[in-house]
**Student:** 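The following block contains the structure, expressed as structure tokens.
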Amino acid sequence: DVAESVPHDFWAEFRAAVAQSPGWAQAMAVVTVVVELAGPLLLCEGWLRRAVALGLLAMHANIFLLTHIPYIESMLLLALF
């Protein structure tokens, strides 16, 4: 069982829940593609630009929490937007 092979902390339980739920993982994948396709909207101004930057930042943070891949440069660049 995946949940028993990881330490009992919030993020470990989150990773295990995603790994054990194909529907949850598929939904996250669809949201990821939608957020990535919205990337060109960063060229807009105002609330739309901030919303897309926040979505991309959240996506990269989630990738880090699930896989421990940092994407530091991307996250810093998005924070500057």
Side-chain angles (χ1 to χ4, degrees):
D1 186 40
V2 175
E4 294 176 357
S5 67
V6 294
H8 291 287
D9 65 29
F10 178 78
W11 298 117
E13 291 177 15
F14 175 65
R15 287 188 294 274
V18 172
Q20 293 175 350
S21 173
W24 182 246
Q26 185 177 17
M28 293 173 93
V30 168
V31 170
T32 296
V33 171
V34 169
V35 169
E36 287 179 341
L37 289 174
L41 295 175
L42 286 169
L43 299 174
C44 296
E45 294 185 16
W47 68 269
L48 186 58
R49 179 179 184 166
R50 288 188 297 272
V52 172
L54 184 61
L56 286 166
L57 189 62
M59 179 194 71
H60 283 92
N62 193 41
I63 290 170
F64 174 72
L65 293 173
L66 290 173
T67 65
H68 298 290
I69 300 171
Y71 293 112
I72 296 297
E73 296 86 358
S74 297
M75 292 180 77
L76 290 174
L77 183 62
L78 287 167
L80 294 175
F81 266 91

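Remember, it's a predicted structure, so these values are computed and weren't measured experimentally.
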**Student:** Using side-chain contact (heavy atoms from CB on, under 4.5 Å) as the criterion, list what pairs up with Met28, not counting sequence neighbours.
**Tutor:**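 With neighbours one apart ignored, the set is Phe14, Val18, Trp24, Asn62, Leu66.
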**Student:** Measure across Arg15 and Leu65 and return the closest heavy-atom pair with its distance rounded to 0.1 Å.
**Tutor:**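 Closest approach of Arg15 to Leu65, heavy atoms only: NH1-O, 3.0 Å.
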**Student:** Once ring pair (Phe, Tyr, Trp, His ring centres under 6.0 Å) is applied, what residue pairs with a partner in residues 25-49 remain, sequence neighbours excluded?
**Tutor:**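 Ring pair (Phe, Tyr, Trp, His ring centres under 6.0 Å) check on residues 25-49 returns no pairs.
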**Student:** Nearest 0.5 Å, what's the CZ-CE distance between Phe64 and Met59?
**Tutor:**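 That separation rounds to 15.0 Å.
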**Student:** Could you work out, with side-chain contact (heavy atoms from CB on, under 4.5 Å) as the rule, every residue matching Leu80, not counting sequence neighbours?
**Tutor:**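 In terms of side-chain contact (heavy atoms from CB on, under 4.5 Å), with neighbours along the sequence ignored, Leu80 is linked to no residue.
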**Student:** Which atom names give the shortest non-hydrogen contact between Val35 and Leu56, and what distance separates them?
**Tutor:**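 Looks like CG1-CD2, 3.5 Å.
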**Student:** Suppose clustering is done on Ile, Leu, Val, Met, Phe, Trp and Tyr with side-chain heavy atoms closer than 4.5 Å. Which residues sit in the same group as Leu37?
**Tutor:**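 Direct or chained contacts put Leu37 with Val33.
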**Student:** So, the side chain of Ser21 versus the backbone of Ala17: is there a donor-acceptor pair under 3.5 Å, distance only?
**Tutor:**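 Looks like no, no N/O pair under 3.5 Å.
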**Student:** Listed by chain and number, what are the side-chain contact (heavy atoms from CB on, under 4.5 Å) partners of Leu41, not counting sequence neighbours?
**Tutor:**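 Listed in chain order: Ala38, Cys44, Leu48, Val52.
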**Student:** Answer with yes or no whether the hydrophobic clustering places Leu54 together with Leu78; edges join I, L, V, M, F, W, Y residues whose side-chain heavy atoms lie under 4.5 Å apart.
**Tutor:**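 Hydrophobic grouping puts Leu54 apart from Leu78.
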**Student:** Show which residues join Leu76 in its hydrophobic cluster (side-chain heavy-atom contacts under 4.5 Å, direct or indirect), or state none.
**Tutor:**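 Members other than Leu76 - counting any ILVMFWY side chain reachable under 4.5 Å - are Ile72.
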**Student:** Which heavy-atom pair separates Ser74 from His60 by the least distance, and what is that distance?
**Tutor:**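 Looking at all heavy atoms of both residues, the shortest contact is CB-NE2, 3.8 Å.
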